[in-house]
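Data first, discussion second: the structure below is written as structure tokens.
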Amino acid sequence: MATDPSGVEAASRRQALEDFQRDIEGVACLTADDELRARARDYYWYSPVLEELLKGCRADIVVLPATEEEVVRVAGAAARHRLHLTIRGGGTGNYGQAVPLRGGVVLDMTHLNRIVQIEPGAVRVQAGAYLEAVLDAVRTTGQQLMIYPSTMSIATVGGFIAGGSAGIGAVRHGILRESGTMRSLRVVTLEESPRTLTLTGPDIELVHHAWGTNGIIIELDLALVPAVDWLQCIALFPSYVDVMRFGGAVLEAGIDVFLLSAVDRRFAPYYADFGYRFDGSADAMFSMVNPKDQDRFAALVSVHGGRLGMCMTPQDHTASGLPPVHECAYNHTTLRALKVDRSWTYLQMVVPPERAPELVAVQMDRYGDEMLMHHEFARLAGKPRISGLVALQFLDEERLDEVMAELVQDGCHVMNAHVNTLEKGGRKEMGAEELRFKRSVDPLNLMNPGKILSLQ
Ligand SMILES: Cc1cc2nc3c(=O)[nH]c(=O)nc-3n(C[C@H](O)[C@H](O)[C@H](O)COP(=O)(O)OP(=O)(O)OC[C@H]3O[C@@H](n4cnc5c(N)ncnc54)[C@H](O)[C@@H]3O)c2cc1C
């Protein structure tokens, strides 16, 4: 009889599943085939390479605990019965992060979604809460989150911390790991008798962007800042290089922005809902601007030869029926293109900020219509951090590798979006300290199997 990767034979695996279900009696479960397939997917289909690799994956059971006590029971039972366990938030990750490569249990966190406490400067929240619900709740106290992904309406707090890296707000507060937004995390270990750990300070980094391989985040303490009614703006420029120069100038001038997303005019057919505001006649900077800096922002647009295609208060913007500007940025830009034309895929890189405009001009010449430009401005260690999330016509894997190698040659740091392991993705070091922590919280190596190369 064939053995599965954890060494449990197929028949005993069925038995293990039955025993597991018995041990967690009372916890909500899904076992219908369509649910098992649906909850084994995320947005990996952005990559034709990952689509081919992951499309057959399926959970054996989906569990939806609603309390911490239920999470602990699930963790203990999975360990006792040697079942793999893959955590799922909103399932919006792009690299198959939440895909159960070896079946087993998918732990859906979305029922553990309570906002526990809001105080001046901080919110304590359960991991399965949707970010938008948290933002709405803290706004009633005059505060807001420091950073959130463009998927905030369907992504969870725990999923963002375990799977995300930057987002809306990173241009003001820095990318997630340096923003100071993560004050503490409570994590359940995957052991026969699970422990609950509280991580603070540098220990948080062990779990941040570890794709749920090293503990189940159950509760988070996040920093808050005073709320701002960000203006929703689109600044239009004669060339994409002008947009890039403008982005650098906004940061240098210290204008208070919450989003600066440079979008190539060739994306305009995928932004048809914005009509004349972004119609393909100019390149754009989708921006969220503090009203106190509106005049300085507008003046700088003019200095760079541009004009404002849109600048609305959040209230007017909501009334206009247009999508929020944050849903035009980060991987929503790629999504817009893919919704219309599935021949696109994408690449992710960090561009050297000091020569970004010139380098992007060279790349536009080199790739022509094979590549559409899109860059996000953020901050890292007090300096600008410019990441490219460019759309690329998909030919084959060989061409993807060739283009990524050329970008590396250009001096860009490429994060491969077409692989499914932490190390190859290029965002997370899995050094001795990380592996030691992983062994201590998941000694049976059951969590999200296959995502750490050195433990395969
Ligand atoms: C259109 C689009 C736009 C995006 N924009 C951004 C962006 O602006 N910034 C950004 O960083 N990312 C972005 N992403 C990626 C993704 O949406 C975010 O990282 C998001 O925050 C993930 O949250 P989720 O709840 O969907 O997590 P999931 O996709 O469900 O999970 C992500 C990873 O975290 C793990 N995980 C989930 N919950 C827990 C938990 N409680 N404890 C431990 N591990 C857990 C999962 O196992 C998985 O490995 C985007 C993706 C898409 C498709």
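Indexing begins at 1, ligand by ligand and atom by atom, following the structure's order. What you see is a predicted model, and the numbers here were worked out from it, not measured in a lab.
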Polar pairs, ligand 1 vs protein, N/O only, below 3.5 Å.
from	atom 1	to	atom 2	distance (Å)
ligand 1	5 (N)	Ser150	OG	3.0
ligand 1	8 (O)	Ser150	N	3.1
ligand 1	9 (N)	Ala166	O	2.7
ligand 1	11 (O)	Ser165	N	2.9
ligand 1	11 (O)	Ala166	N	3.4
ligand 1	11 (O)	Ala166	O	2.9
ligand 1	17 (O)	Thr92	O	3.3
ligand 1	17 (O)	Thr92	OG1	2.5
ligand 1	17 (O)	Thr151	OG1	2.9
ligand 1	25 (O)	Gly90	N	2.7
ligand 1	25 (O)	Thr156	N	2.8
ligand 1	25 (O)	Thr156	OG1	2.7
ligand 1	26 (O)	Gly90	N	3.3
ligand 1	26 (O)	Gly91	N	3.1
ligand 1	26 (O)	Thr92	N	2.8
ligand 1	26 (O)	Thr92	OG1	2.6
ligand 1	29 (O)	Thr92	N	3.1
ligand 1	29 (O)	Gly93	N	2.9
ligand 1	30 (O)	Gly89	N	2.7
ligand 1	30 (O)	Gly90	N	3.4
ligand 1	30 (O)	Gly91	N	2.8
ligand 1	41 (N)	Ile217	O	3.0
ligand 1	42 (N)	Ile217	N	2.9
ligand 1	47 (O)	Ile87	O	2.6
ligand 1	49 (O)	Gln97	O	3.1
ligand 1	49 (O)	Trp211	O	3.0

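Side-chain polar atoms of Gln348 and Tyr95 form a donor-acceptor pair below 3.5 angstrom. Between the side chains of Ser261 and Glu376, a donor-acceptor pair is found at a separation under 3.5 Å. Checking Asp23 against His81 by side-chain atom types alone, a donor-acceptor pair falls below 3.5 Å.
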Run the side chain to side chain contact (heavy atoms under 4.5 Å, CB included) test on Cys412 and Leu359 for me, step by step, so that the C-alpha distance in whole Å, both residues' side-chain angles and the decisive distance to 0.1 Å come before the verdict. CA-CA 10 Å; Cys412 299; Leu359 186 55; 4.0 Å; yes

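Of the options Arg114, Met109, His111, Arg186, a side chain to side chain contact (heavy atoms under 4.5 Å, CB included) to Gln126 is made by Arg114 and by none of the others.
With salt bridges taken as basic N to acidic carboxylate O contacts below 4.0 Å, one links Arg82 and Glu192.
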